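Just below is one structure, and these are the notes that go with it.
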Amino acid sequence: MAALAQKLDLARLQLGAGEGRRVALRVEIEPLSLGSESYAAEPGEVAVTLDVSRMLGGGYALRLRFAVALAGPCMRCLKEAAPVVDVDAREVDRPGEGEELDSPYVRDELLDLAGWAHDAFALGAPVKVLCRPDCAGLCPVCAADLNEAGTGHRHERAPDARWAKLRELRLE
Ligand SMILES: [Zn+2]
Ligand SMILES: [Zn+2]
């Protein structure tokens, strides 16, 4: 089983300039806060694939890939939802060549794998977390789950006086 690593010392890979290595690791990802709810990465220890390339002239090019479920309440019906988030993130760390080439996750060749994985997970998270793409949500009147109640769910409502007026106008 791949080793659990929250941080990774890139220097220990002992890559020469122009060399690369693919490493399989596991990382624990902290839950995300979306709206007022907390969403956990599932499983808690995520298997990740990290490609590390040592660039000519120094520094590293990194690519991080993993797939993880985002577990928490559906934003429409509040039932358990767990959409899968596919992450494919890249970073370049080439110290001394400007902010864009200075990865915030690499400090002195020490990669903050957990921090990067968490941020990439957050960026990949859907804007609306749903139990399924076509979740019908809750009835705004009685809060019944419309996925179960079906599309025929209706409430008798007193006719709105304004609509009645409008109908009269149209008939004229
Ligand atoms: Zn739902
Ligand atoms: Zn209802």
Side-chain angles (χ1 to χ4, degrees), residues 1-138 145 147:
M1 199 181 222
L4 184 67
Q6 300 301 93
K7 292 194 188 292
L8 183 72
D9 185 357
L10 298 172
R12 282 183 55 190
L13 296 174
Q14 297 184 311
L15 296 173
E19 281 183 346
R21 172 132 15 122
R22 175 165 296 172
V23 226
L25 295 164
R26 283 179 304 137
V27 63
E28 262 182 306
I29 299 182
E30 294 281 309
L32 296 184
S33 286
L34 298 175
S36 55
E37 301 288 349
S38 173
Y39 290 86
E42 235 176 54
E45 280 180 13
V46 183
V48 306
T49 301
L50 177 70
D51 290 308
V52 182
S53 304
R54 174 121 208 193
M55 293 185 289
L56 297 169
Y60 292 94
L62 305 162
R63 183 180 187 189
L64 177 65
R65 282 172 289 175
F66 59 89
V68 68
L70 179 69
C74 169
M75 288 178 180
R76 278 191 200 144
C77 74
L78 309 177
K79 283 224 181 91
E80 275 296 303
V84 172
V85 177
D86 270 309
V87 169
D88 186 347
R90 290 167 194 269
E91 283 288 320
V92 169
D93 189 68
R94 225 174 143 97
E97 296 205 15
E99 216 168 276
E100 252 173 55
L101 297 177
D102 185 5
S103 170
Y105 307 110
V106 182
R107 185 108 8 252
D108 296 331
E109 298 194 81
L110 187 66
L111 172 66
D112 176 9
L113 187 60
W116 184 17
H118 177 267
D119 290 352
F121 177 49
L123 284 174
V127 178
K128 269 213 169 297
V129 179
L130 300 176
C131 59
R132 57 181 215 223
D134 61 345
C135 171
L138 301 179
D145 185 338
N147 298 305

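What you are looking at is a predicted structure, and each value in this text was computed from that prediction instead of being measured.
Smallest separation of non-hydrogen atoms from Pro43 and Val68: O-CG2, 4.1 Å. Across every non-hydrogen atom of Ala5 and Val27, the tightest pair is O-CG2, 3.6 Å. The minimum heavy-atom distance linking Arg26 with Ala2 is given by the pair NE-O, 2.7 Å. Annotation for Ala67 and Asp86: closest pair CB-OD1, 3.3 Å, computed over non-hydrogen atoms.
Note: Leu50 CG to Leu111 CG = 6.0 Å, rounded to the nearest 0.5 Å. Taking CG from Asp93 and CG from Asp102, the interatomic distance works out to 5.5 Å, rounded to the nearest 0.5 Å.
With respect to Asp51 and Arg65, a salt bridge is recorded, a charged nitrogen being found less than 4.0 Å from a carboxylate O.
Scanning for side-chain hydrogen bond (donor to acceptor under 3.5 Å, both in side chains) contacts around Asp9 gives an empty result, with sequence neighbours left out.
The aromatic rings of Phe66 and Phe121 are tilted relative to each other, their planes meeting at an angle between 30° and 60°.
The closest side-chain heavy-atom distance from Leu113 to Leu64 is below 4.5 Å. The side-chain heavy atoms of Leu138 and Leu78, taken from C-beta on, include a pair separated by under 4.5 Å.
Not a single donor-acceptor pair under 3.5 Å links the side chain of Asp108 to the backbone N or O of Leu110.
Tyr60 and Glu91 share no donor-acceptor pair across their side chains, judged by distance under 3.5 Å alone.
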